[in-house]
Amino acid sequence: MSASIIDGYLNRINRYMNYSKGKYCLITGGTSGIGFQLAKDMILLEMNVTITSSSQERVMKACQQIIKECNMFNKPIGTITGIEMDLSDLNSVGKGCNQLKQNILNNNIKLDIIVNNAGTVAGKEKKSKQGFNYVYATNYLGHFLMNHLLKPVLNVNGRIVIISSEAALSFLSKNIKTLEDMKFTNLMLHESSGSDYMSIKLFCSMYCFSLAEHWKDDNNNFIINCVHPGTVNTNLMKTAKENQSGIIGLLSYGVGQFYNLLYGISVEEAALNILRVAVDSNLTRAGNFYLEGRESKEHPIAYSTVEREKLWTISLKQIQDYL
């Protein structure tokens with residue numbers, strides 16, 4: 001990169017230095033794509049970051065690569081560590097959270113930011129080890145459990161950023177008013193497919209709004225928001241093609257590539273949109289949906305207290321044995 005490009009990049013992230021320097025952040029799925037870039041941004045802001053992956057080897061390689069790339073900027077940087085955590089497997093989530101909590105307690109610190117980033121469009125596995133839809137388990141339920149397990153070590157002013165999507169807002173009928181209209185019970189238990197992604201990302205937004213309400217009390221000032229970082233050509237679309245058979249995989253990939261051509265942004269831009277929601281000291285309200293960094297609106301069902309509470313109650317029952 002030229003000196004002018006490097007300076008421009010650093011100037012864009014350095015505006016957040018005063019708030020972020022020294023803070024401790026967990027990013028799920030930080031080994032590639034937006035999560036990898038976000039981890040780099042935070043390291044360059046002299047933050048301390050932990051990333052996760054379902055593979056210990058992959059997470060260690062990603063940590064080494066992030067440090068290597070950040071050192072090229074010839075400036076002080078933060079630290080990075082990796083933890084094996086398969087978000088589709090509730091047992092793995094519990095094990096990874098226990099390891100992380102022990103590290104936090106041993107160092108007498110608190111977790112300042114959690115970014116629920118890990119996700120998949122369609123996995124090779126159609127169901128999780130606990131029998132749930134694989135996309136539902138990875139994108140939604142694993143994070144639901146993880147956040148609850150990590151609440152005791154989250155700073156009283158901590159932030160949670162949940163990666164959602166504008167897909168439901170753009171493509172899901174406004175006539176969908178209940179979870180039953182979405183065939184929720186079937187969705188969470190049937191074998192996963194690429195078509196599930198839109199609905200499950202909507203669950204992530206509904207969860208965000210519920211979490212902001214349920215965790216709001218006099219003893220903390222958690223700032224919990226969700227964000228659609230932008231349409232980016234990451235490994236998600238490639239994975240969708242590889243893990244879905246025949247014409248379905250090709251169609252998923254083709255539609256994704258076409259949409260990205262029309263509306264896509266760079267990985268760097270997408271990571272910056274998440275970074276703002278994670279560390280901008282001017283963002284002090286909770287329970288909001290951000291569209292590429294700007295406060296926006298989700299699908300109408302996300303604002304139904306009845307439907308959100310229904311989803312919350314069902315999800316709590318699903319993770320009860322792992323708390």
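Quick caveat, the model's predicted, so the values are computed rather than measured. The analysis underlying the following values was restricted to heavy atoms, covering all of them including side chains, and did not include hydrogens, waters or symmetry mates.
Looking at heavy atoms from C-beta onward, Arg12 lies out of side-chain contact with Glu268 at the 4.5 angstrom threshold. Using a 4.5 Å heavy-atom cutoff, the side chains of Tyr134 and Thr120 are in contact. Residues Ile160 and Leu154 have side chains in contact (heavy-atom distance under 4.5 Å, counting atoms from C-beta outward). Residues Asn155 and Lys23 fail the side-chain proximity criterion, which asks for heavy atoms closer than 4.5 Å. Between Ile113 and Val115, the closest side-chain pair of non-hydrogen atoms falls below 4.5 Å. Using a 4.5 Å heavy-atom threshold, the side chains of Ile223 and Leu283 count as separate. Contact of the Val59 side chain with the Ile83 side chain is not registered, since no non-hydrogen atoms from C-beta on lie closer than 4.5 Å. Taking 4.5 Å as the limit, every side-chain heavy atom of Thr138 sits out of range of all side-chain heavy atoms of Ser128.
A distance-only check finds a donor-acceptor pair linking the side chain of Asn225 to the backbone of Arg285 [under 3.5 Å]. Proximity of a side-chain donor or acceptor of Thr52 to a complementary backbone N or O of Gly29 within less than 3.5 Å is detected. Under a 3.5 Å cut-off, the side chain of Asp181 and the backbone N or O of Thr178 do form a donor-acceptor pair. In this structure, the side chain of Lys110 engages the main chain of Pro152 through a donor-acceptor pair within 3.5 Å. Between the side chain of His299 and the main chain of Ser173, a donor-acceptor pair closer than 3.5 Å is present.
Residues meeting the side-chain contact (heavy atoms from CB on, under 4.5 Å) test with Ile109, sequence neighbours left out: Tyr24, Ile104, Asn107. With sequence neighbours left out, Phe222 forms a ring-ring contact (aromatic ring centres under 6.0 Å, His included) with Trp215. Listed by chain and residue number, Thr313 satisfy the side-chain contact (heavy atoms from CB on, under 4.5 Å) test with Lys317 (two or more places apart in sequence, or in another chain). Applying the ring-ring contact (aromatic ring centres under 6.0 Å, His included) test to Phe184 and every residue at least two apart in sequence or in another chain returns Phe203. Taking the ring-ring contact (aromatic ring centres under 6.0 Å, His included) definition, one finds that Phe209 meets it with Tyr303, sequence neighbours left out.
Nearest approach of Ala278 to Met42, heavy atoms of both residues: CB-CE, 4.1 Å. Scanning all heavy atoms of the two residues, the minimum distance from Pro229 to Ser164 falls at CD-O, 4.1 Å. Between Tyr197 and Val135, the closest heavy-atom pair is CA-CG1, 4.4 Å. Taking each heavy atom of Lys174 and Pro300 in turn, the nearest pair found is CD-CD, 3.7 Å. Nearest heavy atom pair, residue Ala212 against residue Ala286, reads CB-CB, 4.2 Å. When all heavy atoms are compared, the tightest approach of Gly293 to Val227 is N-CG2, 4.3 Å.
Under the 4.5 Å side-chain heavy-atom criterion for Ile, Leu, Val, Met, Phe, Trp and Tyr, Leu323 and Leu211 are members of the same hydrophobic cluster. Side-chain heavy atoms closer than 4.5 Å link hydrophobic residues (I, L, V, M, F, W, Y) into clusters, and following such links, even through other members, never connects Leu291 to Leu275. Both Phe132 and Leu187 are assigned to one and the same hydrophobic cluster, defined by single-linkage of ILVMFWY side chains at heavy-atom distances under 4.5 Å. In the hydrophobic clustering of ILVMFWY residues, with side-chain heavy atoms under 4.5 Å counting as a link, Phe171 and Leu202 come out together. Residues Val306 and Leu316 do not share a hydrophobic cluster, defined by chaining ILVMFWY side chains whose heavy atoms lie under 4.5 Å apart.
The only option from Glu295, His228, Arg294, Lys297 that meets the side-chain contact (heavy atoms from CB on, under 4.5 Å) definition with Phe289 turns out to be His228. Checked against Asn116 for a side-chain hydrogen bond (donor to acceptor under 3.5 Å, both in side chains), the options Asn139, Asn147, Thr28 give a single hit: Asn147.
Ionic pairing of Lys201 and Glu298 is not present here: no N-O contact between side-chain nitrogen and carboxylate oxygen is shorter than 4.0 angstrom. No salt bridge links Arg308 with Glu213; every basic N to acidic carboxylate O contact stays at or beyond 4.0 Å. Salt bridge present: Lys310 and Glu307 bring a charged side-chain N and a carboxylate O closer than 4.0 Å. Looking at Asp280 and Arg276, a side-chain N of the basic residue comes within less than 4.0 Å of a carboxylate O on the acidic one, giving a salt bridge.
Between the side chains of Tyr19 and Asn282, not a single donor N or O lies within less than 3.5 Å of an accepting N or O. Side-chain atoms of Glu269 and Asn273 include no donor-acceptor pair closer than 3.5 Å. One side chain, Gln102 or Asn106, offers a donor N or O that lies under 3.5 Å from an acceptor on the other.
In this structure, CG in Asp41 is found 10.0 Å from CD1 in Ile66, a value given to the nearest 0.5 Å. In this structure, Leu45 CG and Asn18 CG are separated by 10.5 Å, a value rounded to the nearest 0.5 Å. Here the CG atom belonging to Leu145 is positioned 9.5 Å from the CD atom belonging to Gln130, to the nearest 0.5 angstrom. Rounded to the nearest 0.5 angstrom, Arg15 CZ and Met17 CE are separated by 13.0 Å. Of the inter-residue distances, the one linking Thr50 atom OG1 with Ile27 atom CD1 reads 9.0 Å to the nearest 0.5 angstrom. Interatomic distance, Asn288 CG to Ile224 CD1, rounded to the nearest 0.5 Å: 11.5 Å.
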Discussion item. Applying side-chain contact (heavy atoms from CB on, under 4.5 Å) to Ser304 and Met206, what does each step give before you reach the verdict?
Written reply: CA-CA 9 Å; Ser304 167; Met206 296 172 72; over 6 Å; no
Discussion item. Test side-chain contact (heavy atoms from CB on, under 4.5 Å) on Leu38 and Asn117; report intermediate values, then the result.
Written reply: CA-CA 10 Å; Leu38 179 64; Asn117 170 72; 5.9 Å; no
Worksheet item: Is there a side-chain contact (heavy atoms from CB on, under 4.5 Å) between Leu189 and Asn133 once you walk through the steps?
Response: CA-CA 5 Å; Leu189 293 175; Asn133 174 316; over 6 Å; no
Worksheet item: Please walk me through it: do Met85 and Met146 pass side-chain contact (heavy atoms from CB on, under 4.5 Å)?
Response: CA-CA 10 Å; Met85 187 190 297; Met146 183 193 74; 3.9 Å; yes
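In this structure, Tyr140 and Phe144 have tilted ring planes: the angle between them lies in the 30° to 60° band.
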Show me the side-chain donor-acceptor pairs of residues 67-75 shorter than 3.5 Å, one per line, residues at least two apart or across chains.
from, atom 1, to, atom 2, distance (Å)
Glu69, OE1, Lys40, NZ, 2.7
Glu69, OE2, Gln65, NE2, 2.8
Asn71, ND2, Ile67, O, 3.2
Lys75, NZ, Leu44, O, 2.5

